[in-house]
Number of protein chains: 2
Amino acid sequence: MTEKDKLTEEKIFEAAKTVFSERGMDGARMQEIADLAGINKSLLHYYFRTKEKLFNAVFDDIARMMFMKFASIFAQELPLEEKIKYFFSEHIEFMKLNPGLPIFILTEINRNPARMKKLIEKIDYNSIWKAIWPELNEENMKREEPFHIKQDEISQIVTSAIAISVFPFAARNLLEPILLQTGQTFDKYLEERKEFASNFIIAYLKSHKS
Amino acid sequence: MTEKDKLTEEKIFEAAKTVFSERGMDGARMQEIADLAGINKSLLHYYFRTKEKLFNAVFDDIARMMFMKFASIFAQELPLEEKIKYFFSEHIEFMKLNPGLPIFILTEINRNPARMKKLIEKIDYNSIWKAIWPELNEENMKREEPFHIKQDEISQIVTSAIAISVFPFAARNLLEPILLQTGQTFDKYLEERKEFASNFIIAYLKSHKS
DNA sequence: GTCTATAGAAGGATAGAC
DNA sequence: GTCTATCCTTCTATAGAC
């Protein structure tokens with residue numbers, strides 16, 4: 001009973017995640033979610049009341065998953081260069097498993113900025129920021145040739161790293177046909193990107209050595 | 001008469017660009033477009049027949065504007081390092097004037113990949129590719145310390161440059177509140193980004209000198 | 001070419017039986 | 001908890017007067 005409830009609710013939720021992330025809030029249809037879940041449309045309302053409430057539940061879950069992925073990567077205790085390699089390898093692999101995720105998050109944040117405020121307040125972004133900064137500040141000073149990074153640059157570097165990692169997935173349908181015309185595949189491009197992106201960031205950090 | 005027609009059609013088209021790029025195909029309402037254009041809703045159908053045809057006209061126009069911007073930047077005859085600086089300065093400035101453009105393009109390409117195929121075929125992407133490659137190949141060899149870039153890396157570098165430039169706008173509503181909490185403004189971040197991004201790319205190219 | 005009025009379809013939501 | 005039937009609103013699209 002409670003077992004069965006949980007099962008139905010779960011099926012609805014999974015179906016909703018699929019449909020919403022493919023079509024977005026506006027493009028999604030309750031009927032399609034019901035069909036995919038293999039249940040009646042009115043059950044959606046029984047469990048989640050309205051389309052918007054269902055969407056919010058889905059959005060929060062997906063956003064939390066994404067932020068947790070970032071947090072778990074940054075939390076790894078590794079030397080900076082290792083961590084950078086680990087970041088791109090893990091993050092690109094993660095998005096290969098969830099390729100629709102970046103554009104979904106970006107689109108919906110854009111359509112409804114208010115949605116973000118709740119989330120930003122909940123997330124301990126400071127722990128992410130600090131997970132990077134101390135390493136540049138402390139570990140760094142023990143190096144033979146320490147990196148010289150101004151604090152303002154941290155946000156530039158971090159957003160660039162995320163951009164490099166996320167953009168290919170957000171722009172996949174633009175990028176893939178162009179790559180094909182030059183004889184490359186998207187998969188090969190992604191594999192090469194793990195190493196390229198790491199070298200890219202590290203090259204910049206090293207260019208700051210005094 | 002023809003003058004007046006042109007005016008009405010133009011007003012509709014401008015209004016449609018605004019509404020579609022804010023709300024996307026699915027979220028846009030014909031009524032809102034009509035209101036913004038200051039005309040009757042049925043006139044939309046008189047001039048453009050269906051919502052989809054109107055949307056396609058808008059999408060093609062916006063996409064063409066974007067590609068032309070890229071093309072005009074790459075077409076500049078400048079030494080590579082100057083061109084890189086010029087690219088980020090011009091492109092970021094362009095997007096400051098059209099901040100909703102990146103997420104609009106990315107979202108709609110994602111929702112309807114087929115839309116892209118027509119466009120890709122029309123665009124002479126080869127001229128863009130070649131506008132970069134020869135410079136690394138020819139101009140480059142005259143340098144005292146030429147860059148050593150494999151051809152496969154070109155796509156990695158170019159997509160990274162675009163990612164670095166575009167991502168802040170696509171993720172603005174996520175980025176801005178976080179920046180504010182660390183005492184930075186989005187505008188200041190963007191201004192700094194022009195120089196940062198250039199240095200970033202150049203540092204990588206220089207790291208390849210033998 | 002522009003408007004009013006309305007058709008026609010789709011989609012979210014609810015009532016009520018089981 | 002799950003289904004059928006249906007309400008009601010919204011939206012695209014068209015008919016027809018001016």
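Here is the naming used below: chain letters follow the sequence lines, and residue numbers restart at 1 for every chain.
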Is it the case that B:Y204 and A:S207 place a side-chain donor and acceptor less than 3.5 Å from each other?
no
With a 4.0 Å heavy-atom cut-off, tell me which residues in residues 26-33 of chain A come close to DNA chain C, sorted by residue number.
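A:A28, A:R29, A:M30 - these, ordered by number, are the residues of the stretch whose heavy atoms sit under 4.0 Å from the strand.
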Between B:F88 and B:R193, is there a cation-pi geometry (under 6.0 Å to ring centre, at most 45° from the normal)?
no
Are A:F55 and A:F20 an aromatic pair by the rule of ring centers under 6.0 Å?
yes
Under the 3.5 angstrom rule, does the side chain of [X] hit a backbone N or O of [Y] as a donor-acceptor pair?
| X | Y | value |
| --- | --- | --- |
| A:K83 | A:F74 | yes |
| A:E81 | A:I202 | no |
| B:T107 | B:I103 | yes |
| B:K96 | B:L190 | no |

Whole-Å gap separating [atom2] ([N]) and [atom1] ([X]):
| X | N | atom1 | atom2 | answer |
| --- | --- | --- | --- | --- |
| A:F48 | C:dG12 | CZ | C1' | 16 Å |
| B:L44 | D:dC11 | CG | C1' | 12 Å |
| B:K41 | D:dT12 | NZ | P | 7 Å |
| B:N40 | D:dT14 | CG | P | 15 Å |
| B:D35 | D:dC11 | CG | C1' | 13 Å |
| A:I39 | D:dC3 | CD1 | P | 7 Å |
| B:L43 | C:dT4 | CG | P | 10 Å |
| B:F20 | D:dT12 | CZ | C1' | 12 Å |

Please list, for nucleotides 16-18 of chain D, all pairs of protein and nucleotide N/O atoms separated by less than 3.5 Å.
none

Here the pair of heavy atoms bringing A:R111 nearest to B:G24 is NH2-CA, 3.4 Å
Can you tell me if A:Y47 touches the phosphate of D:dT2, counting only side-chain N or O atoms and a distance under 4.0 Å to OP1 or OP2?
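Indeed, a polar side-chain atom of A:Y47 lies that close.
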Is the distance from OP1 or OP2 of D:dA13 to the nearest side-chain N or O of B:H45 less than 4.0 Å?
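True: B:H45 side-chain N/O within range (under 4.0 Å) of D:dA13 OP1/OP2.
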Could you work out, with side-chain hydrogen bond (donor to acceptor under 3.5 Å, both in side chains) as the rule, every residue matching A:H91, not counting sequence neighbours?
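Scan of A:H91 (side-chain hydrogen bond (donor to acceptor under 3.5 Å, both in side chains), adjacent residues dropped) gives A:S165.
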Which nucleotide in the set D:dT2, D:dA13, C:dT2 lies at the smallest distance from any side-chain heavy atom of B:Y46?
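Ranking D:dT2, D:dA13, C:dT2 by closest atom to the B:Y46 side chain puts C:dT2 first.
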